[in-house]
Amino acid sequence: WLVHVFRNPSDFLGYTDFEKLFAKRKSAAQAVLDDARQKLGRTTFPVNGELKEGHETESILKVAENCKADLIIMGTRGLGAVKGFLVGSVSRKVIHYAACPVMVVH
């Protein structure tokens with residue numbers, strides 16, 4: 001499973017361009033998912049892709065639970081040690097709450 005999660009631009013809710021902003025963010029997220037699928041190339045196993053809107057950690061954990069994942073592999077965005085510690089990185093939260101092992105790739 002390839003999963004990419006994007007946040008709804010809810011901070012712009014009510015603005016006349018909200019729908020455009022949402023469509024742009026969703027399109028960019030779909031491009032990330034498509035790029036990841038392309039980088040995988042041909043495989044001998046089926047690859048499912050899932051684009052999710054919402055909270056990153058919760059969405060990743062829900063997909064992992066639904067597909068009964070044996071392992072979650074995820075990348076880092078590189079917030080840096082201080083900001084990652086203060087804000088809390090998605091990878092750190094997934095490691096903490098996942099029911100299966102998590103491999104984080106930098």
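These figures come from a predicted structure and were not determined experimentally. Sequential numbering from 1 along the given sequence is applied to the chain's residues.
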Joint cluster assignment, [X] & [Y], ILVMFWY side-chain distance < 4.5 Å:
| X | Y | value |
| --- | --- | --- |
| V94 | Y97 | yes |
| I60 | V32 | no |
| F45 | L2 | yes |
| L71 | V105 | yes |

Look up atom [atom1] in [X] and atom [atom2] in [Y], then write down how far apart they are to the nearest 0.5 Å.
| X | Y | atom1 | atom2 | value |
| --- | --- | --- | --- | --- |
| R37 | Q30 | CZ | CD | 8.0 Å |
| K24 | L21 | NZ | CG | 7.5 Å |
| T57 | H96 | OG1 | NE2 | 11.0 Å |
| K93 | E56 | NZ | CD | 8.0 Å |

*asked:* For D34 and Q38: C-alpha separation, side-chain torsions, deciding distance, then whether side-chain hydrogen bond (donor to acceptor under 3.5 Å, both in side chains) applies.
replied: CA-CA 6 Å; D34 294 343; Q38 181 181 10; over 6 Å; no
*Indicate the atoms forming the closest heavy-atom contact of V104 with S91, along with that distance.*
CG2-CB, 4.0 Å
Taking side chain as C-beta onward, heavy atoms only, is [X] less than 4.5 Å from [Y]?
| X | Y | result |
| --- | --- | --- |
| R7 | H55 | yes |
| V5 | E58 | no |
| F22 | E53 | yes |
| K52 | V63 | yes |

*Mind jotting down which residue pairs meet the side-chain hydrogen bond (donor to acceptor under 3.5 Å, both in side chains) criterion with at least one end in residues 59-71? Sequence neighbours excluded, please.*
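Qualifying pairs: none.
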_Is there a side chain to side chain contact (heavy atoms under 4.5 Å, CB included) between K26 and L51? Walk through the geometry before answering._
CA-CA 9 Å; K26 185 174 182 179; L51 184 62; 4.1 Å; yes
